[in-house]
Amino acid sequence: MHIYKATDYQEMSRKAANIISAQIIIKPDCVLGLATGSTPLGIYQQLIDWYKKGDLDFSNVKTVNLDEYKGLPAENVQSYHYFMKKNLFDQVNINSETTYLPDGTASDSETECTRFNNLIEEIGGIDLQLLGLGHNGHIGFNEPGESFEKGTHCVALAQSTIEANSRLFDEGEIVPSHAYTMGIKTIMLAKKILLVVSGEEKADILHKALTGPVTPTLPASILQLHPDLTVVADEAALSKFDIE
Ligand code: GLP
């Protein structure tokens, strides 16, 4: 495991974007596993800036996203489809035919999960998976208690996650209670993992995840066992670690 300590959110974003751009340069047709949430926003902005400068080419890149709310169509402003289009895809030269997310409107959840699992396999597996960290230690939408063996599946979101995510919804809008997510198994099969964490409120959970016991009650703890994990976090998030 490599841990990079950044002074602040901006430096964290730049460092993580650097790692992603290196992946694209080394393998222009790579498969990137992407994440939503507020943490990756600075990374996406940095990648867009480098693209606009002519330093990055997304034309052969394929992407798969970690998760999507069940019940939300791609056009819904709260959907992760919409988030990805707005914050990255529409601003770079990526082919929209090769950006994949679970379909929130699929009529049969099981069929949708199988489709998504097969798709990841068909495009060659994930070269680099970007991950944020939930306040309760979730990754993607793998909530505490989920088995480590699962591929893409449909989950009932923890009340704390619904509450944390409700800040992004307007008053009166219903925050979905279920979501599709890559499972821990899907995530662990990625060749490289890049975990990004910012802010003091995640310091404790990050420390437990990376130094405590590996247990399904703290989903991110499994990342300790990944052979190629890079953590990029700011000083505040790393405040419980004794590193320079
Ligand atoms: C959501 C997403 C996760 C993300 C988490 C943390 O629950 N499904 O993939 O990592 O939020 O989000 P943030 O970066 O906004 O703290």
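Start at 1 and go down the list; that is how both ligands and their atoms are numbered. Every value quoted in this text rests on a predicted model; they were computed, and no experiment measured them. Keep in mind that the numbers below use all heavy atoms, side chains included, and drop hydrogens, waters and symmetry copies. Note that the numbering runs from 1 along the sequence shown for the chain.
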Atom 16 (O) of ligand 1 has as its nearest protein heavy atom K202 NZ, 2.6 Å
Measuring from the heavy atoms of R167, does anything fall under 4.0 Å of ligand 1?
-> yes
Heavy atom of G140 under 4.0 Å from ligand 1?
-> yes
Ring center gap for H153 and Y180 short of 6.0 angstrom | no
With distance as the sole test, does E146 use its side chain to make a donor-acceptor pair with the main-chain N or O of E143 at under 3.5 Å?
-> no
Check for a donor-acceptor pair, side chain of Q129 on one end and backbone N or O of L189 on the other, with a separation under 3.5 Å.
-> no
Nearest non-hydrogen protein atom to atom 5 (C) of ligand 1, with distance, is H138 NE2, 3.7 Å
Any idea which heavy atoms bring V197 and M12 closest together, and the distance?
-> O-SD, 3.3 Å
Side chain, backbone, both or neither: M182 near ligand 1, heavy atoms under 4.0 Å = neither
Classify the contact between N165 and ligand 1 as side chain, backbone, both or neither, using a heavy-atom distance cut-off of under 4.0 Å.
-> side chain
Side chain, backbone, both or neither: the part of Y80 lying under 4.0 Å from ligand 1 by heavy atom = side chain
Decide whether an N or O pair under 3.5 Å exists between S38 and ligand 1.
-> yes
Short side-chain to backbone donor-acceptor contact, E68 and S79, under 3.5 Å | no
NE2-CD1 distance between H226 and I193, expressed to the nearest 0.5 angstrom = 4.0 Å
For a side-chain contact (heavy atoms from CB on, under 4.5 Å) with I24, tell me which candidate from L128, D127, V61, D29 qualifies.
-> V61
What do you reckon, does T36 have a nitrogen or oxygen under 3.5 Å from a nitrogen or oxygen of ligand 1?
-> no
Atom 12 (O) of ligand 1 sits nearest the protein heavy atom G37 CA, 3.9 Å
So, is D67 polar-close to ligand 1, with some N/O to N/O distance under 3.5 Å?
-> yes
